[in-house]
Amino acid sequence: MNIEIIAFGIAKDIIQGKSVAMNLALGATVSDVKKDLIRDYPDFQSLASLKLAVNAEYVSDDYILNENDEVVLIPPVSGG
Amino acid sequence: MNIEIIAFGIAKDIIQGKSVAMNLALGATVSDVKKDLIRDYPDFQSLASLKLAVNAEYVSDDYILNENDEVVLIPPVSGG
Amino acid sequence: MKDIFITSERLDSKACTDAVIYPGAGGVVVFVGTVRNKTKGKKVLHLEFETYEKMALIEMQKIADEAKAKWSLDKMVIHHRTGLVPIGEEAVVIACSAAHRKEAFEACEYAIDTLKLSVPIWKKEIFEDGEVWVSAHP
Amino acid sequence: MKDIFITSERLDSKACTDAVIYPGAGGVVVFVGTVRNKTKGKKVLHLEFETYEKMALIEMQKIADEAKAKWSLDKMVIHHRTGLVPIGEEAVVIACSAAHRKEAFEACEYAIDTLKLSVPIWKKEIFEDGEVWVSAHP
């Protein structure tokens with residue numbers, strides 16, 4: 001399945017764009033997505049943390065992605 | 001010596017006025033003034049505390065009063 | 001605007017906040033003490049504050065000086081109202097700023113706690129059937 | 001006025017303060033996070049905030065709901081600015097009120113601490129010779 005992963009903050013700089021399309025196996029987890037991202041963009045390894053939000057909620061690494069999920073890369077936040 | 005003792009808050013209600021004149025022996029302390037006040041106005045005993053300020057500073061019970069001191073009765077404060 | 005101030009006019013929390021913001025400030029904390037409509041379930045009509053103003057200003061300045069020294073604050077403003085204060089209006093405003101927010105929170109709480117212990121200001125609650133000097137009795 | 005709000009306009013700390021005052025409130029605490037002119041001694045020209053707004057509003061609402069439940073607050077307002085914020089202006093305003101001040105202080109500090117950990121907002125510091133996403137790297 002194809003999933004578009006939206007980026008904010010430094011993640012946008014790392015992927016050099018607002019989003020990246022990924023082709024994932026059915027049953028792929030958040031953990032799988034992170035591995036692929038780090039393989040394609042090694043700079044993600046240097047971040048203090050890298051989380052994914054699905055449908056505007058934080059999810060854990062074992063979350064299984066669905067085709068219609070809104071998937072967003074959440075690099076370390078720094079509001080306030 | 002004669003000293004006028006100024007009152008605020010509930011102390012004003014107890015002495016039924018803005019100040020009370022007291023005739024004190026030379027060398028009288030704050031402690032002596034408190035004793036006299038409680039003798040003359042027993043309601044002072046019911047307060048949570050009774051402090052005296054001299055020249056706009058809190059003083060301890062052994063402070064020796066002078067004729068020109070500005071002496072003020074400080075019942076329990078409740079600002080804020 | 002004076003940093004340490006007692007007035008019978010309405011307090012201006014916005015002016016107090018603006019007065020402590022400066023280019024190096026990272027955190028600003030403001031405490032506003034307002035007049036509650038009830039005490040122990042009993043309806044309060046309004047409050048009346050009385051103050052020994054000369055000494056109150058000295059004690060308020062001491063609080064600000066101590067807070068600034070202890071928490072490396074740059075600024076602290078303490079404004080207290082006197083006279084009649086209606087329900088919902090401000091009786092006291094304390095604003096302070098520091099490079100980091102933790103210091104500003106601690107300093108602001110210290111200031112209001114200490115003000116309530118040491119500053120010669122007295123609050124009378126006016127009820128429908130009488131009035132009481134707050135905290136006078138144990 | 002919305003309690004939970006993200007805007008590219010200037011924040012109004014006075015409106016946030018007024019919004020949490022109610023007749024039963026005894027203590028109102030307001031935190032204002034302002035833009036500092038320096039980071040580790042280096043001159044900052046301004047900040048730029050970016051936000052995943054839909055999720056940020058959800059996370060801000062969670063903070064307000066948790067704080068209200070834990071400290072029996074009546075009201076909490078959280079306003080955050082996005083886009084370019086000049087030095088000295090407000091990036092965030094958090095205001096809350098409670099019957100007693102201790103609860104209001106604790107809740108306000110909890111809210112800003114948690115916002116900095118969980119709300120998807122990113123801050124970029126713009127220097128004369130470059131720019132840095134704050135806290136991105138360990």
> Go through the atoms of C/T34 and report whether side chain, backbone, both or neither lie under 4.5 Å from a heavy atom of chain B.
neither
> Against chain B, label C/L117 side chain, backbone, both or neither, depending on which of its atoms sit under 4.5 Å from a heavy atom there.
backbone
> Taking all atoms of both residues into account, what is the closest heavy-atom pair of B/S78 and C/K123, and its distance?
OG-N, 2.9 Å
> If you count heavy-atom pairs within less than 4.5 Å of chain B, which of C/I58, C/V92, C/V134 leads?
C/V134
> Is chain B contacted by the side chain of C/H137, its backbone, both, or neither, given a heavy-atom distance below 4.5 Å?
both
> Quick one: what part of C/K62 sits under 4.5 Å from any heavy atom of chain B, side chain, backbone, both or neither?
side chain
> Please determine whether the number of non-hydrogen atoms from other residues, nucleotides or ligands lying under 6.0 Å from atom CG of B/N68 exceeds 12.
no
> Specify the closest pair of heavy atoms between B/Y58 and C/V119, including all atoms of both residues, with the distance to one decimal.
OH-N, 4.4 Å
> I'd like to know if the side chain of C/W122 and the backbone of B/P75 have a donor-acceptor N/O pair within less than 3.5 Å.
yes
> Out of curiosity, C/T51 OG1 to B/F8 CZ, how far, rounded to the nearest 0.5 Å?
7.0 Å
> Between C/S135, C/A91, C/G33, which shows the greatest number of heavy-atom pairs under 4.5 Å with chain B?
C/S135
> Is C/E59 in contact with chain B via its backbone, its side chain, both, or neither, using a 4.5 Å heavy-atom distance?
side chain
> Between B/I74 and C/Y52, which heavy-atom pair has the shortest distance, and what is it?
CD1-CD2, 4.0 Å
> Might you point out which heavy atoms bring B/E70 and C/K54 nearest each other, and give the distance in Å?
OE1-NZ, 2.9 Å
> Taking atom NZ of C/K38 as the centre, report whether more than 12 heavy atoms of other residues, nucleotides or ligands fall under 6.0 Å from it.
no
